[in-house]
Amino acid sequence: MYYYFSADYPAIIKINGIYYGSITETVKSLRLENCQPPFIEVCPLGSSDGAFNFILDENFLSHPFNRATVTDLIGGFLIKFEPQKTGGDFKVYRQEKFSNAIVTVFNENGCKISVETEKDFLIEPVNVSVFDASIFLTESNNKNLLAVNVNGKPNMLYLFDFDDKIRTVFSRAINSFNLDGGIFTTETPSDIVKHKITARWEWIDGAMKETSRTIERKSGFDSSKVPLMLIPYVFIEERLVGSTGAEYLSEGVKENLDKISSYLGEFIGVMPPPVFRKIEEVGLIYKNGENKYKVNYFTFEIENGKICNIKKSAD
């Protein structure tokens, strides 16, 4: 069985007491065959995160603690460690007082947003590493809303309905936002095509709904010049941002375009195959529980620069 380790913050890893190296910028791998479950120590290279340890056994893989995510690679596991988001000294990042509400972004054993009016009070936990925050009044379709941007990793935008009972009606990781003439968010995923997605959100029937979306690509991108080995990946990336990806499909596959979504499932990411899988396979990543993910593999047959068949691999 293969195990891969990485961290979202400066850290090193020890396995059975032996220093194994940095896992911040380099993914460390370990292969175990019929051995006792190893003792893992993760040691942050800084004062903001405490060290922790665990036994890498079936119990951990099935129920990872809240600072770790486990991805089942079907033949191995990717284990990623996240920075500590609780603890720390009490701190107020930002507070704004309006005529009918007080909003505070603060740390008290983790970042939180409090919204207080004469009628109600709400605390919204914020599960990110926070640097700063900003607070605004905005409106959509004559509905007054409170907007809170938590500048952290990731950057988050929250919207609150505060007319009577306070409700969190929107929370999303974004790159930037604009409240001029509407509520707009921009996301720039780290993908091959360098997509930029700008969405407009409106208050409709008591909820925030996306009413328009603009998808841009990096300047000069030409889909006809994508290398053959990358065509499956850019196709999947188009699907991830909300496009059909039809330009990468043969005419025969296009006829079944409506069936592709159900066949591929609700994937949230794409990855190349690890060393123990076939090189031609493409991994699609799915949510599989609390702090857990799973990868299913597909092969894409290509003729004349177009995908002519998609086949799911056996586990």
Side-chain angles (χ1 to χ4, degrees), residues 8-9 46-50 65-69 82-188 197-213 287 289-291:
D8 260 352
Y9 57 96
S47 59
S48 59
D49 295 280
F65 49 79
N66 61 9
R67 287 190 59 189
T69 61
E82 299 179 351
Q84 184 169 288
K85 301 182 180 73
T86 58
D89 297 331
F90 177 82
K91 178 179 180 179
V92 174
Y93 294 100
R94 186 76 61 185
Q95 183 179 76
E96 296 290 347
K97 298 180 180 180
F98 304 101
S99 60
N100 50 355
I102 300 175
V103 184
T104 308
V105 182
F106 65 100
N107 184 81
E108 187 175 40
N109 193 29
C111 183
K112 301 175 179 67
I113 302 170
S114 72
V115 182
E116 183 177 2
T117 66
E118 292 182 351
K119 300 178 181 179
D120 200 15
F121 179 76
L122 173 73
I123 289 186
E124 174 75 20
V126 178
N127 191 30
V128 301
S129 299
V130 181
F131 312 121
D132 198 358
S134 51
I135 302 167
F136 309 89
L137 277 176
T138 189
E139 67 91 24
S140 176
N141 291 334
N142 298 315
K143 175 68 173 180
N144 292 319
L145 298 165
L146 286 164
V148 179
N149 174 222
V150 177
N151 182 7
K153 186 179 180 180
N155 190 43
M156 298 290 298
L157 179 65
Y158 293 84
L159 296 174
F160 298 92
D161 170 17
F162 67 110
D163 281 348
D164 189 14
K165 182 73 175 176
I166 303 171
R167 295 188 300 135
T168 307
V169 295
F170 183 93
S171 64
R172 191 175 182 91
I174 60 167
N175 289 89
S176 62
F177 68 99
N178 190 333
L179 302 179
D180 294 333
I183 299 173
F184 300 89
T185 60
T186 299
E187 299 172 35
T188 54
I197 308 109
T198 302
R200 178 169 186 154
W201 304 85
E202 296 185 62
W203 180 263
I204 300 174
D205 297 330
M208 297 303 301
K209 298 182 180 180
E210 183 180 319
T211 56
S212 67
R213 171 176 287 219
K287 184 73 174 173
E290 188 68 25
N291 296 338

Open item on the list: Under the salt bridge (charged side-chain N to carboxylate O under 4.0 Å, His left out) definition, can you give me all pairs with a residue in residues 144-156, not counting sequence neighbours?
Closed with: none
Could you name each residue pair satisfying side-chain hydrogen bond (donor to acceptor under 3.5 Å, both in side chains) that touches [range], not counting sequence neighbours?
range	value
residues 169-185	Arg172-Glu187, Asn175-Thr188, Thr185-Trp201
residues 105-114	none
residues 90-99	Arg94-Asp132, Gln95-Thr104

Atom [atom1] in [X], atom [atom2] in [Y]: separation rounded to 0.5 Å?
X	Y	atom1	atom2	answer
Asp8	Thr69	CG	OG1	8.0 Å
Thr186	Ile197	OG1	CD1	9.0 Å
Ser140	Asp161	OG	CG	11.5 Å
Phe170	Met156	CZ	CE	8.5 Å
Phe162	Glu116	CZ	CD	13.5 Å

Task: Arg200 (side chain) donor-acceptor with Phe184 (main chain) under 3.5 angstrom - done: no
Open item on the list: Between Asn155 and Leu157 (side chain of the first, backbone of the second, donor and acceptor by atom type, cut-off under 3.5 Å), is there such a pair?
Closed with: no
Listed pairs under 3.5 Å, donor-acceptor, residues 120-131 side chains, sequence neighbours left out:
{"residue": "Asp120", "atom": "OD2", "partner": "Ile166", "partner atom": "N", "Å": "2.9"}
{"residue": "Glu124", "atom": "OE1", "partner": "Thr168", "partner atom": "OG1", "Å": "2.9"}

Open item on the list: Show, in sequence, the C-alpha distance, side-chain angles and deciding distance for Phe177 and Phe136, and conclude whether the ring pair (Phe, Tyr, Trp, His ring centres under 6.0 Å) test is met.
Closed with: CA-CA 12 Å; Phe177 68 99; Phe136 309 89; 5.8 Å; yes
- [ ] Verify side chain to side chain contact (heavy atoms under 4.5 Å, CB included) between Trp203 and Leu159, making sure each step is shown before the conclusion.
- [x] CA-CA 11 Å; Trp203 180 263; Leu159 296 174; over 6 Å; no
Task: Trace of the side chain to side chain contact (heavy atoms under 4.5 Å, CB included) decision for Ile204 with Glu202 - done: CA-CA 6 Å; Ile204 300 174; Glu202 296 185 62; 4.2 Å; yes
TODO: Dump the intermediate steps for side chain to side chain contact (heavy atoms under 4.5 Å, CB included) on Val103 and Ile113, then the final yes or no.
DONE: CA-CA 7 Å; Val103 184; Ile113 302 170; 4.2 Å; yes
- [ ] Let me see the working for Cys111 and Val105 under side chain to side chain contact (heavy atoms under 4.5 Å, CB included), right down to the final yes or no.
- [x] CA-CA 7 Å; Cys111 183; Val105 182; 3.9 Å; yes
Open item on the list: Restricting to side chain to side chain contact (heavy atoms under 4.5 Å, CB included), what partner residues turn up for Asp205, sequence neighbours left out?
Closed with: Lys209
